[in-house]
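Numbers here are sequence positions counted from 1. Quick caveat: nothing in here was measured; it's all calculated off a predicted structure.
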Amino acid sequence: MAGNSGRPNRRTSNKKGATVGSGGKRRRALEGKGPTPPAEMRKGHAKQRAAQARAKRAATAPKRGAGRGGKGTSELVVGRNPVLEALREGVPANALYVQQFIDSDDRVREALRLASERGGVRLVEAPRPELDRMTNHLNHQGMVLQVPPYEYAHPDDLVVAAHDRGEDPLIVALDGVTDPRNLGAVVRSVSAFGGHGVVVPERRAAGMTAGAWKTSAGTAARTPVARAANLTRALEAYRKAGLMVVGLAAEGEIELGEVAALDGPVVIVVGSEGKGLSRLVGETCDVRARIPMPGGAESLNAGVAAGVVLYEVFRRRS
């Protein structure tokens, strides 16, 4: 027949080779896909699922020294005098809102200058209705300062910081102290006498507000405040770590000068001026000490009481 020259038909032959029109795809398919990937990289493999679970736990695990105590909430300082005082005292801020067409005076001009010189503070011109809405119609006088959330440390971080400095830990814990100014005063005293930080409970306690920052006179920038979900458990953890827990109480068993443990690793627990230490916290303390007051005062506020004890610790360690 015409066209049949005795050669095998390439479409029907059993001879190995690329099929006409295949473009060599079959030959490439035989070249292999490289080495088998490790089990952790094979989709659906048990080891891959385990590796993914480990990565997820690592991504969500709290990191030491990175705000493991959590964040506070942002705060607004309202009014010309409060805003100016906050900027003078170095209170952290991320934005200064100024009313459009504001009737400028010396306070406004100084606040704008301080915010500009500090850097990192956004200057935002806003209409009065916007400032009214932000402040829930408080008397803002055309100026609002936004204070960012405070980054709390974890109670464990204070002990680590002391050991890193080769020092015995000196920590103050506050039980039921709700006045931010008292917290700021304690932070200032801790900084002055070489302490390593302050611990406050998460609930029913003062936090690092703008008022606390102002009272600390800037020392809050270098003295960490840690927040504990449960103060009693935090104190128990300190005891296990080798710290003596000394509670201050008007009805304490011994006077402050008789507490031998003050020259070693110690946590000083200060209660509220009215109620003192709560029952569970008082029972957790290794010893409860009283500050002698021959003048007849019934109690001292938290800031003053902490300052007295911290000075006594400093005197013994010097």
Side-chain angles (χ1 to χ4, degrees), residues 54-75 91-92 147-178 180 182-210 212-213 215-216 218-247 264-271 277-278 280-281 284-286 302 306 309-310 313:
R54 287 194 301 271
K56 185 176 181 180
R57 287 195 299 270
T60 58
K63 297 176 176 59
R64 184 174 299 279
R68 293 193 302 141
K71 281 189 177 183
T73 56
S74 59
E75 182 186 2
V91 174
V147 179
Y150 181 78
E151 284 272 4
Y152 289 94
H154 188 277
D156 294 348
D157 297 334
L158 308 186
V159 177
V160 172
H163 290 159
D164 287 346
R165 287 158 56 176
E167 299 170 352
D168 285 331
L170 173 56
I171 299 166
V172 174
L174 301 182
D175 178 27
V177 175
T178 57
N182 267 332
L183 171 58
V186 171
V187 170
R188 187 172 183 176
S189 294
V190 169
S191 177
F193 294 112
H196 301 101
V198 181
V199 180
V200 297
E202 280 187 5
R203 294 178 293 278
R204 295 183 293 279
M208 283 305 298
T209 63
W213 270 97
T215 310
S216 77
T219 58
R222 58 180 181 271
T223 302
V225 176
R227 194 162 61 174
N230 185 294
L231 184 59
T232 302
R233 285 202 293 268
L235 295 176
E236 290 172 347
Y238 281 147
R239 291 178 65 185
K240 292 178 181 177
L243 281 68
M244 179 71 74
V245 179
V246 178
V266 66
V267 183
I268 308 299
V269 189
V270 183
L277 300 176
S278 62
L280 287 176
V281 168
T284 306
C285 295
D286 293 299
V309 181
L310 288 165
V313 175

inquiry  = Any side-chain to backbone donor/acceptor pair from Ser216 onto Trp213? Under 3.5 Å, distance only.
reply    =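 Checked: pair present.
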
ask   = Under 3.5 Å, is there a donor-acceptor pair between the side chain of Tyr152 and the main chain of Met208?
value =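 Flag set: sc Tyr152 to bb Met208 pair under 3.5 Å.
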
query = Applying salt bridge (charged side-chain N to carboxylate O under 4.0 Å, His left out), which residue pairs with at least one partner in residues 167-178 are found, sequence neighbours left out?
reply =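 Every pair satisfying salt bridge (charged side-chain N to carboxylate O under 4.0 Å, His left out) with a residue in residues 167-178: Arg165-Glu167.
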
Partners meeting side chain to side chain contact (heavy atoms under 4.5 Å, CB included) with [X] (sequence neighbours left out):
{"X": "Thr223", "result": "Val187, Val190, Ser191"}
{"X": "Val199", "result": "Pro155, Leu158, Ile171, Ala173, Ala226, Ala228, Leu231, Tyr238"}
{"X": "Ala206", "result": "Pro180, Leu183"}
{"X": "Ala161", "result": "none"}

key: With sequence neighbours excluded, residues passing side chain to side chain donor-acceptor pair (under 3.5 Å) with Arg239   =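 Expected list: Asp286.
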
key: Set of residues satisfying side chain to side chain donor-acceptor pair (under 3.5 Å) with respect to Asn230, sequence neighbours excluded   =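 For Asn230, no residue satisfies side chain to side chain donor-acceptor pair (under 3.5 Å) once neighbours in sequence are set aside.
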
ask   = Closest heavy-atom contact between Val270 and Ala306?
value =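 The answer is CG2-CB, 4.3 Å.
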
message = Which heavy atom of Cys285 sits nearest to which heavy atom of Leu277, and what is that distance?
response =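 Closest approach of Cys285 to Leu277: SG-CD1, 4.4 Å.
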
Roughly how far, to the nearest 0.5 Å, is the [atom2] atom of [Y] from the [atom1] atom of [X]?
{"X": "Arg233", "Y": "Leu280", "atom1": "CZ", "atom2": "CG", "answer": "11.0 Å"}
{"X": "Glu236", "Y": "Thr284", "atom1": "CD", "atom2": "OG1", "answer": "5.0 Å"}
{"X": "Ile268", "Y": "Leu174", "atom1": "CD1", "atom2": "CG", "answer": "11.5 Å"}

inquiry  = Any non-hydrogen side-chain atom of Val200 less than 4.5 Å from a side-chain atom of Val177?
reply    =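 Heavy-atom side-chain distance check fails, nothing below 4.5 Å.
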
query = Quick one: does Ser74's side chain get under 4.5 Å of Pro148's, heavy atoms only?
reply =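 A side-chain contact is absent here, since even the closest heavy-atom pair is not under 4.5 Å.
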
task = Could I get the full list of salt bridge (charged side-chain N to carboxylate O under 4.0 Å, His left out) partners for Arg204, not counting sequence neighbours?
result =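 Salt bridge (charged side-chain N to carboxylate O under 4.0 Å, His left out) check on Arg204 returns nothing, list empty.
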
